Student: 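Quick one: the structure is below, and I'll ask about it shortly.
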Amino acid sequence: MSWISDPNFTEDQPFGPQTLPYGVVDGGVAVRVGDQALLLKSLALGKCSELVQGDSLDPLLKAGRPVWSALRAKLKEIVTATSAPKGAELVGIDTAKLPFTVGDYVDFYSSRHHAENVGRMFRPDGDPLTPNWTHLPIGYHGRAGTVYVSGTDIVRPNGQRRGSEGPKFGPSERLDIEAEVGFVCGGPTAANVSTSRAAEHVFGVALVNDWSARDIQAWEYQPLGPFLAKSFATSIGAWITPLEAFSVARVPTPPLPNKLHDYLTCDQPWGLDITITVELNDTIVARPPFREMSWSFVQQLAHMTVNGATVRPGDLFASGTVSGPEKDERGSFLELSWGGKEPFKLDDGSTRSFLEDGDTVRLTATAPGEGGSVVGLAEVVGTVRSA
């Protein structure tokens with residue numbers, strides 16, 4: 001029993017006491033309890049109190065793992081008590097906003113199924129994987145300034161795309177999604193982070209939709225990779241689920257066919273058994289399994305910093321498109337429609353290959369928690385608007 005009266009604040013629901021994701025609402029820093037937010041600024045949290053007085057998670061991100069663990073333990077004690085503590089205030093979650101200042105943003109390409117699908121479409125006569133793919137986590141630096149909180153409308157981007165008589169310019173005609181899992185960094189600034197230390201620098205986990213303009217991408221990406229096709233918008237959930245909530249969901253990553261360099265080897269399993277649900281206009285079109293990702297977040301962070309680059313509080317990196325071996329486990333419409341050749345059907349009878357104006361995409365996800373509970377990741381929702 002808990003003093004919090006909310007039917008969705010139970011262990012069999014995604015946002016019960018086993019999850020306690022952090023966010024920011026109009027009243028300040030909060031944790032989500034079911035479909036409500038518990039404000040933290042007036043609670044007796046000891047030395048942690050000063051970290052949650054403002055309107056951002058930034059001070060908490062800087063504090064580091066020992067503080068994060070202590071605060072989470074205290075909050076679990078508070079929310080599972082039978083009576084409300086002094087200063088407790090529950091508010092709605094509808095004013096949730098981007099809860100931290102995004103520093104650097106890096107996007108990876110770590111699903112072998114996604115990489116092979118794309119390779120088969122674009123290189124039908126060659127090897128679907130590039131020679132480096134099984135040796136290192138491929139990634140690129142994105143644009144932090146266009147990371148938007150869930151619920152923000154997505155404006156169809158303009159750009160150049162291939163034409164029969166030279167490139168055309170105008171709104172993308174092949175607007176797509178990428179269902180991903182993102183990792184919010186914290187702790188001390190550091191370089192050369194080993195896989196054994198990487199978890200010390202990851203505060204929490206959030207769903208990400210890295211919107212993509214496939215026609216713009218196809219024209220511009222050689223030889224330097226993604227640019228305007230990716231930089232216009234990346235959506236992230238408003239609530240960051242602490243990494244500690246996924247202790248039961250940890251699984252080994254699928255084996256790679258070659259020996260890895262020492263800095264990419266792991267002494268613990270850091271894959272995560274997260275299942276994403278992709279909805280388009282209220283139709284479930286895919287359920288990508290994150291456990292199928294070939295590269296874990298600790299390997300991604302180790303690779304990202306092995307050259308001396310630093311990781312800082314507020315940095316964000318994302319997994320890349322999550323896809324599984326089955327057709328209904330593909331995390332992009334590029335794959336679901338096989339490049340537009342196989343449109344998929346929605347419940348209203350319409351079909352899609354790529355996004356139309358007015359379409360709404362919703363990503364949700366869960367993972368197994370302690371004692372058979374369910375750990376949730378906050379939804380990522382975006383509606384496409386015309387340019």
Side-chain angles (χ1 to χ4, degrees), residues 97-111 114-115 118 122 137-163 167-185 206-238 278 297 300-301 303-304 309-312 314-323 331-335 339 354-357 359-361 363 380-387:
K97 57 200 72 178
L98 187 63
F100 66 101
T101 303
V102 182
D104 285 318
Y105 168 52
V106 172
D107 191 33
F108 283 94
Y109 188 58
S110 293
S111 165
H114 173 68
V118 172
F122 296 138
I138 294 175
Y140 70 94
H141 283 273
R143 188 174 180 87
T146 48
V147 175
Y148 300 118
V149 71
S150 172
T152 305
D153 286 350
I154 304 302
V155 178
R156 186 178 296 273
N158 287 307
Q160 290 191 27
R161 58 186 190 274
R162 192 185 306 275
K168 300 178 180 179
F169 177 82
S172 170
E173 296 178 352
R174 292 164 68 91
L175 186 58
D176 196 3
I177 70 160
E178 289 188 343
E180 307 190 17
V181 174
F183 299 88
V184 179
C185 298
L207 280 178
V208 166
N209 185 348
D210 200 35
W211 305 85
S212 302
R214 299 301 185 186
D215 43 0
I216 296 173
Q217 182 179 1
W219 175 244
E220 74 175 4
Y221 83 102
Q222 293 180 337
L224 294 181
F227 191 40
L228 299 185
K230 300 279 192 175
S231 63
F232 64 96
T234 300
S235 296
I236 186 172
V278 181
F297 75 90
Q300 291 168 339
L301 187 53
H303 184 66
M304 192 164 65
T310 58
V311 58
R312 303 169 298 170
D315 285 353
L316 170 68
F317 65 97
S319 62
T321 306
V322 180
S323 290
S332 71
F333 297 163
L334 175 71
E335 296 169 88
F354 296 97
L355 288 163
E356 298 181 3
D357 291 348
D359 282 349
T360 296
V361 177
L363 307 182
V380 176
V381 180
T383 298
V384 177
R385 302 300 182 198
S386 61

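Note that the structure is predicted; figures quoted are calculated from it, not measured. What's counted below: heavy atoms across the whole structure, side chains too, no hydrogens, waters or symmetry copies.
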Student: Got a sec, which residues hit side-chain hydrogen bond (donor to acceptor under 3.5 Å, both in side chains) with Y140, two or more places apart in sequence or on another chain?
Tutor: D107, D210
Student: For R156, what residues pass the side-chain hydrogen bond (donor to acceptor under 3.5 Å, both in side chains) criterion, not counting sequence neighbours?
Tutor: D357
Student: Residues in side chain to side chain contact (heavy atoms under 4.5 Å, CB included) with T101, at least two apart?
Tutor: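 By the side chain to side chain contact (heavy atoms under 4.5 Å, CB included) rule, T101 matches D58.
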Student: Could you work out, with salt bridge (charged side-chain N to carboxylate O under 4.0 Å, His left out) as the rule, every residue matching D215, not counting sequence neighbours?
Tutor: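 By the salt bridge (charged side-chain N to carboxylate O under 4.0 Å, His left out) rule, D215 matches no residue at all.
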Student: Listed by chain and number, what are the side chain to side chain contact (heavy atoms under 4.5 Å, CB included) partners of L98, not counting sequence neighbours?
Tutor: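 Counting only residues at least two positions away or on another chain, L98 forms a side chain to side chain contact (heavy atoms under 4.5 Å, CB included) with V102, V149, I236.
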Student: Report the residues that fulfil ring pair (Phe, Tyr, Trp, His ring centres under 6.0 Å) with F100, sequence neighbours left out, ordered by chain and then residue number.
Tutor: none
Student: Taking atom CE of M304 and atom SG of C185, what is their separation to the nearest 0.5 Å?
Tutor: 5.5 Å
Student: Is there a side-chain contact between F333 and R214, using heavy atoms and a 4.5 Å cut-off?
Tutor: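 They are not in side-chain contact.
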Student: Who are the side chain to side chain contact (heavy atoms under 4.5 Å, CB included) partners of F227, not counting sequence neighbours?
Tutor: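 Testing F227 for side chain to side chain contact (heavy atoms under 4.5 Å, CB included), a comparison that skips the adjacent residues, returns E220.
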Student: Going by the rule ring pair (Phe, Tyr, Trp, His ring centres under 6.0 Å), which residues pair with F354 if we only count those two or more places apart in sequence or in a different chain?
Tutor: none
Student: In terms of relative ring orientation, are Y109 and H114 parallel, tilted or perpendicular, with 30° and 60° separating the classes?
Tutor: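 Y109 and H114: perpendicular rings.
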Student: Which atom pairs, one a donor and one an acceptor, fall under 3.5 Å between side chains of residues 380-387 and the rest of the protein, sequence neighbours left out?
Tutor:
from, atom 1, to, atom 2, distance (Å)
T383, OG1, T360, OG1, 2.7
R385, NE, D153, OD2, 3.1

Student: For a quick test of reading the model, state the closest non-hydrogen atom pair linking A213 to F232 and the distance between them.
Tutor: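 Smallest interatomic distance, heavy atoms only, reads N-CE2, 3.9 Å.
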Student: Under the salt bridge (charged side-chain N to carboxylate O under 4.0 Å, His left out) test, which residues partner E335, sequence neighbours left out?
Tutor: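 E335: no salt bridge (charged side-chain N to carboxylate O under 4.0 Å, His left out) contacts found.
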Student: Not counting sequence neighbours, which residues clear salt bridge (charged side-chain N to carboxylate O under 4.0 Å, His left out) with R174? List them please.
Tutor: none
Student: The criterion is side chain to side chain contact (heavy atoms under 4.5 Å, CB included); which residues satisfy it with K168, sequence neighbours excluded?
Tutor: R161
